[in-house]
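All remarks here apply to the structure that follows.
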Amino acid sequence: MYIKQIMVKMGAELKIITTEIHLPSDILYSQGIGKDRVEYFVKKNFLLELYREGKISLGKMAELLEMNHFEMLGIMKDSNVPFNYGVPELKEDIETANRLGLLDEDSQ
């Protein structure tokens, strides 16, 4: 089975990495993954694992899967992948909101 797997951005140039994965077809078909969905399935799960490990952002994962953030959050929920948002991210978002003048003193 031949599968194009992942896109990696290196500098300003987008490079495509292609790989082959050899699996018995019954493994995929028994999971309801048809031949036309194998590439998406492998790519999605690879990117979910990178996100779970903190190696890519939610935005990058959504971009590579060609969906918006809300759709990506639904995929993460269905795949039992937790949303990585902790105190450092909250502080960064508050600083950004302050810098943009989106927060007043009462909302902090």
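Computed from a predicted structure; not experimentally measured.
The CD1 atom of Ile56 sits 10.0 Å away from atom CD of Glu63, with the distance rounded to the nearest 0.5 Å. Taken from CD in Glu39 to CD1 in Ile33, the straight-line distance is 13.5 Å, to the nearest 0.5 Å. A distance of 10.5 Å separates CG in Leu73 from CD in Glu71, rounded to the nearest 0.5 Å. With rounding to the nearest 0.5 Å, the separation of NZ in Lys44 from CG in Leu65 is 8.5 Å. Atom CG of residue Leu47 and atom NZ of residue Lys55 lie 13.0 Å apart, to the nearest 0.5 angstrom.
A donor-acceptor contact shorter than 3.5 Å is absent between the side chain of Glu49 and the backbone of Phe46. Put simply, the side chain of Asn84 never gets that close to the backbone of Gly54: no donor and acceptor are under 3.5 Å apart. In this structure, Ser79 contributes its side chain and Met76 its backbone to no donor-acceptor pair below 3.5 Å. A donor-acceptor distance shorter than 3.5 angstrom exists from the side chain of Lys43 to the backbone of Leu64, with no hydrogens or angles considered.
Inter-residue side-chain proximity for Gln31 and Phe41 is flagged as unmet; no heavy-atom pair is nearer than 4.5 Å.
Connection of Ile27 to Ile21 is not established within any shared hydrophobic cluster, with ILVMFWY side chains joined at heavy-atom distances below 4.5 Å, either directly or through further cluster members.
With Met72 as reference, Met61 is the one residue of Met61, Lys77, Lys60 to meet the side-chain contact (heavy atoms from CB on, under 4.5 Å) rule.
Shown here for Leu58 and Tyr51, the closest heavy-atom pair between the two residues is N-CE1, 3.5 Å. Minimum heavy-atom separation, Leu90 to Tyr85: CA-OH, 3.4 Å.
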